[in-house]
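Throughout, protein chains are lettered first and strands after them, A, B, ... in sequence-line order, and every chain is numbered starting at 1. Just so it is clear, the model here is predicted, and its values are computed rather than measured. Only this structure's heavy atoms are used, side chains among them; waters, hydrogens and symmetry mates stay out.
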Amino acid sequence: MIFSKILTTWYSNNKRDLPWRQTKNPYYIWLSEIILQQTQVKQGLPYYEAFVAKYPTVFDLANANESDVLKLWQGLGYYSRARNLHATSKQIASELEGVFPNNYKDLLKLKGVGDYTASAIASICFNEISAVLDGNVYRVLSRYFGVDTPINSSKGAKEFKQLAQELIDKNNPAEFNQAIMEFGATQCKPKKPYCNICPYNTGCIAFNENRINELPVKIKSAKAKKKHFNFLVFISEDEKTVLEKREGKGIWQNLYQFPLVETDETINLTDLKNRIENNNLLKGMPFELLQYNKEPIVHKLSHQHLYTTFWIINVNKLLEEGILISKIRNYAVPILIGNFIESFNFD
DNA sequence: AAGGCGGGGTA
DNA sequence: TACCCAGCCTT
């Protein structure tokens, strides 16, 4: 039996019931694909539901403020996705009268839409024969065909794209693309795949040569860098604190945080006190400095390990820059900050 | 081609 | 701990 026939048979018997499978509306498909980039279905699902509920059309999303979009995205990570999502919604609403591009080539021009997402939308919504290539597809193809070209090399990308494009069911590209991803996600998993019940196990090279754990091959990325973050949690007697918006290029762009002092190593109370005495938020006011967590909270990102200490600064009266503590949950914050806010008793 | 960009889950 | 996830963008 041909590759795609085995696959679609498996899919019809094993596919999960997911909300974006009930529609071919490009807005909802696009939304789901952006949310699911580098994100497991289980994690992305509640965010998809929330976005559909709050922004039922592309115009609703376009009319929102970026800060509100980021707030709804809070906790999902890779926040450039949310910024690009919002920017693209505005473009589609204003320049394209709310109508999405209907082909791979034009979809690829949208901010935040790369090869994978353009192929996904083009195939699912418009039946274009464009094979998707995501982590699942790489894994399935590399194992079944025994391809050991690194999947995160440009050579690998070309090779696997061509292979997938040859295999795709030309009569039903939408079904094939979703099926191969689902197969990779739930059957041909990274760890302990279900080879014993796999419909491909007679033809799978990795299985028959006992190379399941070696494939796919991936070039290792650099180790995460350590950073030391000290967040200054101002608390005034008039129940205000200070949040600042992260500008610039780095992580958490356009999200809010407590004023940050980054140090080369962990810093003790005395040294920090000396260092912030001239902080322009204090304006020479007397203040009390308390260390909230004795051991740094280690927040691990894929590329940075953040050794984090929260410092409480009690002051008499705060500043025009202050915000009411009662409003703190209106701001989009990194989950590291959000967890602190939930655990800290501000009363 | 390489690195930056989150947060959660698995073994 | 190491690796992975319906990747994309910048340099």
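- For residues 91-140 of chain A, the set of pairs meeting the ring pair (Phe, Tyr, Trp, His ring centres under 6.0 Å) definition, not counting sequence neighbours, comprises A/Trp30-A/Phe100, A/Tyr138-A/Phe160.
- In this structure, CZ of A/Arg81 is placed 15 Å from P of B/dC5, rounded to the nearest angstrom.
- Ring pair A/Tyr331/A/Tyr256 is perpendicular by interplanar angle, where above 60° counts as perpendicular and below 30° as parallel.
- Closest contact between the side chain of A/Pro334 and the listed nucleotides B/dC5, B/dG7, B/dG6 involves B/dG7.
- Within the 4.0 angstrom heavy-atom criterion, base atoms lie near A/Leu76.
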Do any N or O atoms of the protein come closer than 3.5 Å to N or O atoms of nucleotides 8-11 of chain C, and which pairs are they?
from: C/dC8; atom 1: OP1; to: A/Gly114; atom 2: N; distance (Å): 2.8
from: C/dC8; atom 1: OP1; to: A/Gly114; atom 2: O; distance (Å): 3.4
from: C/dC8; atom 1: OP1; to: A/Thr117; atom 2: N; distance (Å): 3.0
from: C/dC8; atom 1: OP1; to: A/Thr117; atom 2: OG1; distance (Å): 2.6
from: C/dC8; atom 1: OP2; to: A/Asp115; atom 2: N; distance (Å): 3.4
from: C/dC8; atom 1: OP2; to: A/Tyr116; atom 2: N; distance (Å): 3.2
from: C/dC9; atom 1: OP1; to: A/Gly112; atom 2: N; distance (Å): 2.5

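- For the pair A/Ser153 and A/His299, both in contact range of DNA chain B, the more 5′-proximal nearest nucleotide belongs to A/Ser153.
- Contacts of A/Gly250 with the nucleic acid, taken as non-hydrogen atoms under 4.0 Å apart, involve only primed sugar atoms and P, OP1 or OP2.
- In terms of position on DNA chain B, the residue among A/Lys155 and A/Asn339 whose nearest nucleotide sits closer to the 5' end is A/Lys155.
- Ring-centre distance between A/Tyr200 and A/Phe3: below the 6.0 Å cut-off.
- Rounding to whole angstrom units, NZ of residue A/Lys161 and C1' of C/dA6 are separated by 13 Å.
- Evaluation of the salt bridge (Lys or Arg N to Asp or Glu O under 4.0 Å) rule for A/Asp169 yields no partner, not counting sequence neighbours.
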